[in-house]
2 protein chains.
Amino acid sequence: MTDTAPRPTLEAVAARAGVSRATVSRVVNGGDGVREPLVERVRRAVEELGYVPNQAARSLVTRRHDAVAVVVAEPETRVFADPFFALQLRGISKELTAHDNQLVLLLTEGRDDHARVGRYLAGGHVDGALVFSLHLDDPLPGLIQRAGVPTVFGGRPGWSDGLRDVVYVDSDNRGGARDAVRHLVGLGRTRVAHITGALDQTSAVDRLEGFKDVMGDAGRELVVRGDFTPAGGERAMRELLDRCPDVDAVFAANDLTAAGALRVLRERGRRVPEDVAVIGFDDMLPIAEQTDPPLTTVRQDIEEMGRLMARLLLHGDEETPPGTPAGVVLPTTLVRRASA
Amino acid sequence: MTDTAPRPTLEAVAARAGVSRATVSRVVNGGDGVREPLVERVRRAVEELGYVPNQAARSLVTRRHDAVAVVVAEPETRVFADPFFALQLRGISKELTAHDNQLVLLLTEGRDDHARVGRYLAGGHVDGALVFSLHLDDPLPGLIQRAGVPTVFGGRPGWSDGLRDVVYVDSDNRGGARDAVRHLVGLGRTRVAHITGALDQTSAVDRLEGFKDVMGDAGRELVVRGDFTPAGGERAMRELLDRCPDVDAVFAANDLTAAGALRVLRERGRRVPEDVAVIGFDDMLPIAEQTDPPLTTVRQDIEEMGRLMARLLLHGDEETPPGTPAGVVLPTTLVRRASA
DNA sequence: GCCGTCCGCGAGAGCGCTCTCACCGAGTGT
DNA sequence: ACACTCGGTGAGAGCGCTCTCGCGGACGGC
């Protein structure tokens with residue numbers, strides 16, 4: 001890691017432009033209160049010297065870092081097999097970039113990492129944190145809130161006690177699930193089943209609730225546990241067919257699960273959608289479009305979720321009247337393809 | 001973005017421990033040259049006050065940042081549909097974490113972003129950069145090298161001129177391709193085809209070269225262009241079947257392509273592997289294991305690639321004798337499943 | 001027992017920036 | 001003509017840290 005060439009300082013620019021350091025600083029930071037000819041001269045000097053402000057020096061005095069931590073707890077590889085996270089990251093990145101903020105990525109696995117992340121955030125290296133709290137029992141949110149860093153969560157956090165005023169962005173999992181199930185019912189299906197996601201995640205819980213909202217008791221026995229993976233979907237679908245051979249529709253907690261279910265249905269000789277209609281959730285394109293038949297599913301605007309999280313973090317203070325309910329829930333839309 | 005509570009400074013710790021700032025600094029940075037009882041006292045003071053060093057102040061004088069930029073050029077969404085990038089990121093993250101470095105993620109799309117990234121890197125905010133240079137004509141590598149930041153590339157960069165002493169980590173794409181094709185030949189196949197990847201990426205070029213190494217002229221007319229996507233794989237497979245109906249084996253440039261090809265083969269009533277054997281590349285688990293039949297493919301240790309990139313960046317200077325060839329190529333292994 | 005050595009520690013400068021404050025000159029009101 | 005304001009500029013302090021340097025005390029050699 002060789003040292004780079006010495007970079008020009010404010011001082012150097014000031015000398016070149018024949019003004020004081022203070023003036024250069026003003027120009028660099030927007031140029032308010034400096035007369036035009038001077039601004040011009042300073043700009044040129046900056047240009048000629050290739051001056052770039054030293055962020056460390058600036059942070060030292062402003063106590064701002066123009067950097068935001070993105071914390072992703074990913075105990076399993078699941079997060080990564082999943083375009084979900086990547087899309088969200090992209091939304092976040094765009095928004096941060098638009099506001100000249102940097103994205104510091106913190107991946108955690110295991111308990112030790114939690115401490116590390118907690119320490120880092122408490123260290124005041126970043127102006128805020130965007131946290132994906134994937135599991136109900138995750139200690140991370142608590143740690144982070146204790147660190148006193150402004151935080152926005154991705155997905156409704158799963159705890160109910162202790163932490164208040166938590167800001168989060170989520171999809172309307174429950175409403176989307178309702179739409180999906182209603183669609184199936186509207187198709188005339190009467191034996192509608194649900195393969196759940198991993199129920200230690202609120203998204204899975206909420207989708208299950210949406211299913212129950214529509215099906216009520218009628219759906220009670222048609223709920224099978226899955227885990228958001230294709231393998232889980234296969235397992236659940238087998239169990240379902242064994243237990244209730246007359247099932248004529250399946251609402252799967254996500255597209256991967258649906259893909260697994262589809263495979264089992266084909267294997268067992270059921271036609272989709274004629275015999276069994278199938279709906280997924282997420283609208284992960286590479287999956288949903290490539291299944292056979294293409295998957296009807298519930299779309300959420302994942303990238304927008306990311307962007308919104310970032311926006312909330314950066315501007316949250318100003319825009320939010322105090323006492324505003326802190327969760328933002330984005331709508332979902334049903335995307336009709338061939339499977340239902 | 002509320003201000004956090006005022007954090008204790010070195011001065012405060014020094015006062016509490018009854019020593020000088022310098023001594024506390026020494027202890028915090030490893031404690032060499034400080035006698036045990038003092039070290040103990042300082043440690044306790046640090047503990048009690050919850051002192052965390054101010055990274056900005058430290059960077060200001062040391063000119064180190066303990067931060068590394070990861071630059072991902074992702075003009076298309078492709079990168080993100082792809083666990084590849086995520087796995088590599090994970091390897092990088094692990095290695096960086098192990099050395100107390102932070103990961104600053106820079107996603108770029110489009111030309112303007114290039115300038116932005118160039119400026120950022122030139123600004124000396126990070127100690128080094130890990131760059132995924134996906135396309136042959138990417139201007140980013142040039143920009144970065146000009147910025148004078150130590151850099152390691154992911155994947156062999158595609159240019160041949162201008163830039164020297166480029167450090168990169170890559171898989172043995174060519175060798176892996178050779179293994180795959182040899183395996184097909186060993187199976188007794190004589191009409192072995194290749195569906196290429198996007199040929200503006202070196203990985204695709206190298207895999208094609210590997211194919212040619214084994215097949216020579218015999219394979220000339222059995223090469224079809226793909227683009228690393230399932231749709232591209234389908235298109236190419238159709239073209240291939242139309243042009244050479246007697247094809248009995250396909251080496252696809254990656255698993256996604258192979259998945260597309262498999263679909264077309266099924267659609268056209270060819271049995272895999274009986275009529276046509278198929279091999280992919282990458283061993284992306286969610287894909288390779290879920291295809292029908294499960295895909296024989298070439299595995300690369302993607303996470304290890306990431307880890308190695310980080311290691312090279314952090315320790316490159318010390319370990320590398322000057323003049324060492326700068327590319328590190330990781331081996332691949334053929335994973336036999338059912339498709340070939 | 002004296003001088004030279006060496007180790008442990010503290011004093012102080014300074015990293016590059018922002019920001020407050022004082023200053024200065026040009027305009028305004030009387 | 002005078003004081004008075006006010007916007008534009010410069011001087012200077014100081015953010016929290018590291019690092020060099022110099023001082024003092026313990027220790028070994030003669």
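So you know, we letter chains A, B, ... as the sequences are listed, proteins then strands, and number each from 1.
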message: Going by side-chain hydrogen bond (donor to acceptor under 3.5 Å, both in side chains), name the residues that satisfy it together with B:H65, two or more places apart in sequence or in a different chain.
response: B:D127
N/O-N/O pairs, protein side and nucleotides 22-24 of chain D side, under 3.5 Å:
none

field: Nearest non-hydrogen partners of A:V70 and A:I92, listed with the distance
entry: CG2-CG2, 4.1 Å
Test salt bridge (Lys or Arg N to Asp or Glu O under 4.0 Å) applied to A:D301 - qualifying residues, sequence neighbours left out: none
With A:R21 via salt bridge (Lys or Arg N to Asp or Glu O under 4.0 Å) - residues at least two apart: A:E11
query: Within the pair B:T23 and C:dG10, is there a side-chain N or O less than 4.0 Å away from OP1 or OP2?
result: yes
So which protein nitrogen or oxygen atoms get under 3.5 Å of nucleotides 4-8 of chain D's nitrogens or oxygens?
from	atom 1	to	atom 2	distance (Å)
D:dG8	O3'	A:R35	NH2	3.2

query: According to the salt bridge (charged side-chain N to carboxylate O under 4.0 Å, His left out) rule, which pairs have a member within residues 41-57 of chain B, sequence neighbours left out?
result: B:R16-B:E48
- prompt: Considering residues at least two apart in sequence or located in another chain, which fulfil the side-chain hydrogen bond (donor to acceptor under 3.5 Å, both in side chains) criterion with B:E40?
  reply: none
message: Can you give me the bend angle of the helix from C:dG1-D:dC30 to C:dT30-D:dA1? Use the axis through the first five pairs and the one through the last five, nearest 10 degrees.
response: 40°
task: Under the ring-ring contact (aromatic ring centres under 6.0 Å, His included) rule, collect the residues that match up with A:H125, sequence neighbours excluded.
output: A:Y120
- request: Write down the atom of A:V169, the atom of A:L312, and the distance for their closest heavy-atom approach.
  value: CG2-CD2, 3.7 Å
field: Over all atoms of both residues, closest heavy-atom pair of A:V149 and A:A129
entry: CG1-N, 4.0 Å
field: Residues forming a salt bridge (Lys or Arg N to Asp or Glu O under 4.0 Å) with A:D170, sequence neighbours excluded
entry: none
- prompt: Which residues pass the salt bridge (Lys or Arg N to Asp or Glu O under 4.0 Å) test with A:R116, sequence neighbours left out?
  reply: A:D113
field: Sugar-phosphate or base contact per nucleotide [nucleotides 15-20 of chain C; S, B, -; heavy atom under 4.0 Å]
entry: BBBBB-
- prompt: What heavy-atom pair brings A:R26 and A:D32 nearest, and what distance separates the two atoms?
  reply: CD-O, 4.2 Å
